[in-house]
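To start, the structure itself, in structure tokens.
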There are 2 protein chains.
Amino acid sequence: MLLSKSCEYAIQAVLTIARKSDGDYLPVRKIADETGISYHFLGKILQTLTKAGILNSYKGPNGGVALVRSAAETTLLDIVAAVDGLGFAQRCALGLPKCSDESQCALHEDWGKICKNMSQMLESRSILDLISFYK
Amino acid sequence: MLLSKSCEYAIQAVLTIARKSDGDYLPVRKIADETGISYHFLGKILQTLTKAGILNSYKGPNGGVALVRSAAETTLLDIVAAVDGLGFAQRCALGLPKCSDESQCALHEDWGKICKNMSQMLESRSILDLISFYK
DNA sequence: AGCATTTAAGACTCTTTTGTCTTAAATGTA
DNA sequence: TACATTTAAGACAAAAGAGTCTTAAATGCT
């Protein structure tokens, strides 16, 4: 699969934050209930997003997490980069260690195009795009 | 990553078989030495390919494995299907359980195209294509 | 000050993938 | 028949990913 489970959860969580929050912090508990993702596991994932500068977090009553930038300025690629890294677009499709732009494997060119498509898709889709899709 | 390690190894092994074999069976030992893949692990993977009807195997002296069909008639998709299955092309990119052709997620259309590209690439590339690439 | 709420952090478990090792079964050859 | 070669199969170990649980730290409210 393209994205790890953690990364899928991260995207679902950010989608929920963008949909549910009205400028205030949204508690992780609420996000977990909304998405069905395990509360504690989700907590870890959101910590990663906080460290990556995608979310702000605040402790205590009325605390929770919130987007740092607007939903329009946060892209799927930001989230994927933070959680899974961008290795998916660099790896040789056949896992050949010698494969590089200089010494290409037989799939290199085609695979490169596909990776570029994926990256562009992830980069061109903001969180706002995704949530407005459902309205 | 798109393909599992086992699947990458399977492709590398089949490539080696097509390159090295002259109609005879090629011992797994030779393939392991040639590719650097662990002998025992490779053995398991090749068993899978044998059960899937991609390879023939023969025990005893002068035994080993060989392609069932010609290198021109064996595609990458055959190998991927046997080792990893074809789930990669069906799963929702965001892991949403409700996502389907009827109830699409925001990436459904784009992701579908990318998956189709990948499938077509894997299906259109025969083992012969890959080995002739290097000549 | 004390309490309830909420994130942070780390230990721990479970599962899957990856990899190793040993033994069994098949087969050609002397 | 005995032996060497080679795949088949299954037990086992190691590593990574996924998920759970407990405790600590921060913060608002009374």
Side-chain angles (χ1 to χ4, degrees), chain A residues 1-14 17 20-21 24-68 80 82-85 87-88 91 95, chain B residues 1-13 17 20-21 24-68 80 83-85 87-88 91 95:
Chain A
M1 85 193 75
L2 172 66
L3 303 177
S4 71
K5 225 90 169 51
S6 295
C7 194
E8 291 177 358
Y9 290 164
I11 294 171
Q12 293 177 30
V14 172
I17 295 166
K20 289 279 163 183
S21 89
D24 291 352
Y25 288 101
L26 187 65
V28 176
R29 183 87 258 168
K30 289 253 175 68
I31 305 171
D33 290 345
E34 190 76 19
T35 57
I37 302 166
S38 146
Y39 168 64
H40 289 98
F41 191 36
L42 182 59
K44 283 184 163 183
I45 295 168
L46 296 187
Q47 275 179 47
T48 304
L49 294 181
T50 301
K51 286 175 187 160
I54 294 170
L55 298 180
N56 276 324
S57 69
Y58 204 82
K59 295 177 181 176
N62 304 317
V65 293
L67 284 170
V68 170
V80 173
V83 179
D84 281 352
F88 79 90
R91 246 180 92 72
Chain B
M1 88 192 75
L2 170 68
L3 304 176
S4 72
K5 226 93 169 46
S6 294
C7 194
E8 291 178 356
Y9 290 165
I11 294 171
Q12 293 177 30
I17 295 167
K20 289 278 164 186
S21 88
D24 292 352
Y25 289 102
L26 187 65
V28 177
R29 182 88 257 169
K30 291 253 176 69
I31 305 171
D33 291 345
E34 190 75 19
T35 57
I37 303 166
S38 145
Y39 169 63
H40 289 98
F41 191 38
L42 182 58
K44 283 185 165 182
I45 296 169
L46 297 188
Q47 276 179 47
T48 305
L49 294 181
T50 301
K51 285 176 187 160
I54 293 170
L55 298 180
N56 277 324
S57 68
Y58 203 81
K59 294 178 183 174
N62 305 315
V65 294
L67 285 169
V68 169
V80 174
V83 178
D84 281 352
F88 78 92
R91 246 181 93 72

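Order of the sequence lines sets the chain letters (A, B, ...), proteins ahead of strands, with each chain counted from 1.
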Review point. Has the side chain of A:K44 got a donor or acceptor atom sitting under 3.5 Å from an opposite partner on the base of D:dG19?
Key: yes
Review point. Phosphate oxygens OP1/OP2 of C:dG19: is one of them under 4.0 Å from a side-chain N or O of B:S38?
Key: no
Check your understanding: Looking at B:Y39, does any N or O in its side chain come under 4.0 Å of the phosphate oxygens OP1/OP2 on D:dT7?
Key -> yes
Check your understanding: Starting at the 5' end of DNA chain D, which residue's closest nucleotide do you reach first, B:G64 or A:G60?
Key -> B:G64
Check your understanding: Any side-chain N or O of B:Y58 under 4.0 Å from OP1/OP2 of C:dG28?
Key -> yes
Exercise for review: Between B:N62 and A:N62, just flag the one whose closest nucleotide in DNA chain D comes earlier from the 5' side.
Suggested key: B:N62
Practice item. Look at A:Y9 and D:dA18 and indicate whether a side-chain polar atom (N or O) is within less than 4.0 Å of OP1 or OP2. Key: no
Check your understanding: In terms of side-chain heavy atoms of B:F41, which of C:dT20, D:dG28, C:dT7 is nearest?
Key -> C:dT20
Study note, to complete from the structure: Checking C:dG28, C:dC21, C:dT7 against the side chain of A:P27 (C-beta onward), the nearest is C:dT7
Check your understanding: Counting only N and O atoms by type, is there a donor-acceptor contact under 3.5 Å from the side chain of B:D84 to the main-chain atoms of B:S4?
Key -> yes
Review point. Between C:dG19, C:dA8, D:dA18, which nucleotide gets closest to the side-chain atoms of A:K59?
Key: C:dA8
Exercise for review: Taking only the side-chain nitrogens and oxygens of A:S6, find out if one of them lies under 4.0 Å from OP1 or OP2 of D:dG17.
Suggested key: no
**Study point:** DNA chain D-proximal residues of residues 45-57 of chain B, any heavy atom under 4.0 Å
**Key:** B:Q47, B:K51, B:S57
